[in-house]
2 protein chains.
Amino acid sequence: MDAVTEQPGLRERKKRRTHAAISEAAIALFLERGFDQVSVAQVAEAAEVSKRTLFAYFPAKEDLVVHRFADHETESARVVRARPERMTPLAALREHFLDGLRRRDPFSGLNDRPDIRALFRMILETPALIVRLERFRSTGERTLAEALRETADTPDLTARLAAAQIVAVHWTLALDNATRLASGETADERYAGAVDDAEHAFALLENGLRRLPRHGS
Amino acid sequence: MDAVTEQPGLRERKKRRTHAAISEAAIALFLERGFDQVSVAQVAEAAEVSKRTLFAYFPAKEDLVVHRFADHETESARVVRARPERMTPLAALREHFLDGLRRRDPFSGLNDRPDIRALFRMILETPALIVRLERFRSTGERTLAEALRETADTPDLTARLAAAQIVAVHWTLALDNATRLASGETADERYAGAVDDAEHAFALLENGLRRLPRHGS
DNA sequence: GTCGATTTCTACACCTGGTATACATTTACA
DNA sequence: TGTAAATGTATACCAGGTGTAGAAATCGAC
């Protein structure tokens, strides 16, 4: 029915162009004046589209910005499923994250291309956008739990707990990197520290919090 | 200035009554017809208060429901700070959670009083309310990280990572219990399983995910 | 090409959550 | 009892989001 790989057809191509045009117009305006200072009506006008049409392409204002992250939702689950034999899920995820740092994947929070840096900064200072990203996090967690359950022969609760911990750590690392870059650090400056932190974090996941000290210094 | 412990004063008392009255009217309506099917105007009318006044007491519609959970935001942090000497933070939190199960604290998701069960059910099926609860989770995570950093002599990143993991696990457990009760199970039926699950979860936190299997069964 | 069916876009009106303003009422306290 | 400060109210307004009905474009078949 929906041949995406084939000739997409004029209709499909036009749809994608409109989609991209609206999103680009929106992000340009948001970066210029701030997310909350631009109304969807103004975005629609700038994109030369009616408000109704805008909402046909994007279910909510926030999606004008965060739709780019939708692909990454299921990334962890895919990594776990595609891992080589005899590799533990955690090892696969650590490899993948370290690779993301190396490749400066926005997923890892370590991309400082000016446009991406500006985008991150805007997201970080706009609560509504953070909330929307948290939703991606939830579904990422759910799909990861499923992947763990199915490929690691793990009881349901264990899979859900492990997924929750992994995603929480992942999110903490990425947010930390993004925050540092947003406030001026370059990706190259941050890289070594980011690697250290990631390794520390995955070690903590692997070995547990057993070593958290008792009271006192 | 603000003597809460003393005679509260007429103004203060009246304010609290109004606060409670609005919230009760709101929850009654929401339980009857569903959160999204009731407008704030209707709540205001039912509480015999103007819409403007309602928003003076509750910053957003969702807060009419979730303000009851606000106290628990910093609970984990308090538990960690108040733990006895020579007790690890994790042990204190485990004790506290198990105690919450015993006491059927709504915090643990294991309270089946009809009104609370109905409330939980409504929250679980209303995305906007879950989102609002997630915000509490975030600030709970931040305050817990601070408590760990200050009382366990832990580097900042470690504290944040540990807090993220702990809160994620806590949330998973509580949500699991609440979901089961919402779909009919009684608290007494669930209790033993809830304890087992909690102990398993805290053991996982303590010992790490090292034992997550490689591929295959 | 051209015709009809289907999809997509648009204009417009409407609902709801939330806020600003300006005025009335109540409380606290001398 | 009178007055300043705090609270409550009416009204109008803004922005996000949806329903509806019709106009326009696209597609496939001939």
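Quantities reported herein were computed from a predicted structural model and do not represent experimental measurements. Chain identifiers are assigned alphabetically (A, B, ...) following the order of the sequence lines, protein sequences preceding nucleic acid strands; residue numbering begins at 1 within each chain.
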Length of the line joining [X]:[atom1] and [N]:[atom2], which is rounded to integer Å:
| X | N | atom1 | atom2 | result |
| --- | --- | --- | --- | --- |
| B:K15 | C:dA28 | NZ | C1' | 14 Å |
| A:E45 | D:dA15 | CD | P | 13 Å |
| B:L54 | D:dA10 | CG | P | 13 Å |
| B:Q42 | C:dT16 | CD | P | 7 Å |

Legend entry - Proximity of B:H72 and B:F136 rings by center, below 6.0 Å: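 Not close enough - the centres of the two rings lie 6.0 Å or further apart.
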Legend entry - Cation-aromatic face contact B:R104/B:Y191, 6.0 Å, 45 degrees: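 Yes, cation above the ring, under 6.0 Å and within 45°.
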Check the surroundings of atom [atom1] in [X]: do more than 12 heavy atoms from other residues, nucleotides or ligands lie under 6.0 Å from it?
| X | atom1 | answer |
| --- | --- | --- |
| A:E45 | CD | no |
| A:E48 | CD | no |
| B:R137 | CZ | yes |

Inset, instruction - Could you grab the distance from atom CD1 of B:I166 to atom CD of A:Q165, nearest 0.5 Å is fine? - result: 9.5 Å
Inset, instruction - Please report the shortest heavy-atom distance between A:L133 and A:I123, naming the atom on each side. - result: CD1-CG2, 3.7 Å
Inset, instruction - Examine D:dA10: is either OP1 or OP2 under 4.0 Å from a nitrogen or oxygen in the side chain of B:S50? Give yes or no. - result: no
Inset, instruction - Check whether any side-chain N or O of B:Y57 sits under 4.0 Å from OP1 or OP2 of D:dG8, and answer yes or no. - result: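 So the side chain of B:Y57 is within the cut-off, an N or O lying under 4.0 Å from OP1 or OP2 of D:dG8.
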Legend entry - Charged N-O contact under 4.0 Å between B:R160 and A:D176: yes
Inset, instruction - Would you mind classifying the nucleic acid contact of B:F58 as base, sugar-phosphate or nothing, using non-hydrogen atoms under 4.0 angstrom? - result: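 Result for B:F58 = nothing.
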Legend entry - Strand contacts (DNA chain D) in residues 29-39 of chain A, 4.0 angstrom heavy-atom criterion: A:V38, A:S39
Sort me out a list of protein N/O and nucleotides 17-19 of chain D N/O pairs below 3.5 Å, or just none if empty.
| from | atom 1 | to | atom 2 | distance (Å) |
| --- | --- | --- | --- | --- |
| D:dG17 | OP2 | A:K61 | N | 2.8 |
| D:dG17 | N7 | A:K51 | NZ | 3.1 |
| D:dG17 | O6 | A:K51 | NZ | 2.8 |
| D:dG19 | N7 | A:R52 | NE | 3.0 |
| D:dG19 | N7 | A:R52 | NH2 | 3.0 |
| D:dG19 | O6 | A:R52 | NE | 2.8 |

